Amino acid sequence: MDSIQQISEDNVQVLNQLLTFLTSLDSIQYQNVPTNHGSSMGAHVRHIIEHYQSVLTTNSLIDYDDRKRDQTVQSSRSAATDQIKSVIQILRSIQSDKSVVVLCTTNPAISPSEVNSSLARELIFLYSHTTHHMAIIKLLSTSIGLSIDDSFGKAASTRVFESNVQSKLA
């Protein structure tokens with residue numbers, strides 16, 4: 001398997017983990033904004049999806065800031081799962097890497113910069129970004145008393161580290 005295909009498949013795996021979790025929620029849990037938290041699980045799922053769409057629905061110019069912010073995806077688990085399945089389908093069709101340009105806004109007082117990148121690099125970013133938001137979703141879900149798999153929202157490098165520590169203790 002080519003490296004871009006492996007990176008794509010790694011993204012599919014993390015999105016499938018998110019899909020599995022979403023099937024365990026009801027609509028109220030998905031939309032709920034827990035006390036002392038600024039956003040719902042649905043808002044984080046929407047954010048994840050829209051970042052993938054920013055990369056996967058463009059030819060060569062990626063602008064992560066110019067997203068739809070679709071409230072339907074944020075409030076409807078069904079809409080979110082449909083969108084995730086669509087993203088997975090696109091990820092599975094990727095056969096080769098390509099050059100892309102990312103509009104980078106690090107300072108809102110100045111115009112965005114154009115930064116050269118690659119599809120593979122952006123998919124690596126998306127994997128990390130998704131994992132980060134899944135960790136937040138895990139915190140939100142545990143704050144309302146939901147049980148969630150220990151590996152949910154845990155970085156691949158952390159899982160490898162913990163596995164190595166456990167094997168040394170055995």
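Computed from a prediction, not measured in an experiment: that's the story for all the values here. These numbers come from the heavy atoms of this one structure, side chains and all, not from hydrogens, waters or symmetry mates.
At a threshold of 4.5 Å between non-hydrogen side-chain atoms, the residues Y52 and L15 count as touching. Using a 4.5 Å heavy-atom threshold, the side chains of E9 and V12 count as touching. Between S86 and Q53, the closest side-chain pair of non-hydrogen atoms is not below 4.5 Å. Contact of the H47 side chain with the H129 side chain is registered, since non-hydrogen atoms from C-beta on lie closer than 4.5 Å. In this structure, L146 and L25 have side chains that are in contact, with non-hydrogen atoms separated by less than 4.5 Å. The shortest side-chain heavy-atom distance between D97 and D2 does not fall under the 4.5 Å cut-off. In this structure, V45 and I84 have side chains that are in contact, with non-hydrogen atoms separated by less than 4.5 Å. By the 4.5 Å heavy-atom criterion applied to side chains, E114 and L103 are counted as neighbours.
Looking at every heavy atom in both residues, S54 comes nearest to R67 through OG-CG, 3.7 Å. Minimum interatomic distance between E50 and D70 (heavy atoms only, all atoms of both residues): OE2-N, 2.7 Å. Counting all heavy atoms, side chain and backbone alike, L119 lies closest to S96 at CD2-O, 4.0 Å. The heavy-atom pair separating Q83 from V73 by the smallest distance is CG-CG2, 3.8 Å. Of all heavy-atom pairs spanning S99 and S60, the tightest one is O-CB, 4.4 Å. When all heavy atoms of A80 and Y30 are compared, the closest pair comes out as CB-OH, 3.2 Å.
Once rounded to the nearest 0.5 Å, the distance linking CG of L22 with CD of Q29 reads 11.0 Å. A distance of 9.5 Å separates CZ in R46 from CD1 in I49, rounded to the nearest 0.5 Å. Atoms CZ and CG, from R121 and N116 in turn, are 13.5 Å apart once rounded to the nearest 0.5 Å. If you take CG on N16 and CD1 on I88, they are separated by 4.0 Å, rounding to the nearest 0.5 Å.
I124 and V55 fall within the same hydrophobic cluster, defined by Ile, Leu, Val, Met, Phe, Trp and Tyr side-chain heavy atoms under 4.5 Å apart, directly or through other members. In the hydrophobic cluster analysis, where Ile, Leu, Val, Met, Phe, Trp and Tyr join through side-chain heavy atoms closer than 4.5 angstrom, I90 is grouped together with V100. Under a hydrophobic clustering in which Ile, Leu, Val, Met, Phe, Trp and Tyr are joined whenever their side-chain heavy atoms come within less than 4.5 Å, directly or via other members, L61 and V102 fall into different clusters. Taken together through direct or relayed side-chain contacts under 4.5 Å among Ile, Leu, Val, Met, Phe, Trp and Tyr, M41 and V33 form parts of separate hydrophobic clusters. One hydrophobic cluster, built from ILVMFWY side chains closer than 4.5 Å, cannot hold both V115 and V101; they sit in different ones.
A side-chain donor-acceptor contact under 3.5 Å links N11 to the backbone of L123. Judged by distance alone, the side chain of S141 and the main-chain N or O of I137 form a donor-acceptor pair under 3.5 Å. Judged by distance alone, with hydrogens and angles left aside, the side-chain atoms of K138 form a donor-acceptor pair with the main-chain N or O of D150 at under 3.5 Å. The backbone N or O of S75 sits less than 3.5 Å from a side-chain atom of Q31, completing a donor-acceptor pair.
For the 3.5 Å distance criterion, the side chains of T105 and D65 qualify, holding a donor opposite an acceptor. With hydrogens and angles left out, the side-chain atoms of D10 and Q6 include a donor and acceptor closer than 3.5 Å.
Shown here is N59, whose CG atom has no more than 12 heavy atoms of other residues, nucleotides or ligands within 6.0 Å. The environment of Q89 atom CD is sparse: at most 12 non-hydrogen atoms of other residues, nucleotides or ligands sit within 6.0 angstrom. For NZ of K98, the number of neighbouring non-hydrogen atoms (other residues, nucleotides, ligands) closer than 6.0 Å is greater than 12.
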Worked verdict on N32 versus S40 for side-chain contact (heavy atoms from CB on, under 4.5 Å): CA-CA 5 Å; N32 182 44; S40 65; 5.9 Å; no
Are Q74 and S39 close enough, and set up right, to give a side-chain contact (heavy atoms from CB on, under 4.5 Å), and what steps lead you there? CA-CA 10 Å; Q74 184 167 322; S39 56; over 6 Å; no
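A tilted orientation is assigned to the rings of H133 and H44, their planes being inclined by 30° to 60°.
With respect to R77 and D82, no salt bridge is recorded, no charged nitrogen being found less than 4.0 Å from a carboxylate O.
Partners of F21 according to the ring pair (Phe, Tyr, Trp, His ring centres under 6.0 Å) rule, which considers only residues two or more places apart in sequence or in another chain, are F152.
Aromatic pair F125/Y64: ring centres closer than 6.0 Å.
Of the candidates L126, V87, T130, L126 is the only one forming a side-chain contact (heavy atoms from CB on, under 4.5 Å) with H51. Applying the side-chain contact (heavy atoms from CB on, under 4.5 Å) test between E122 and each of I62, T58, I7 identifies I62 as the sole match.
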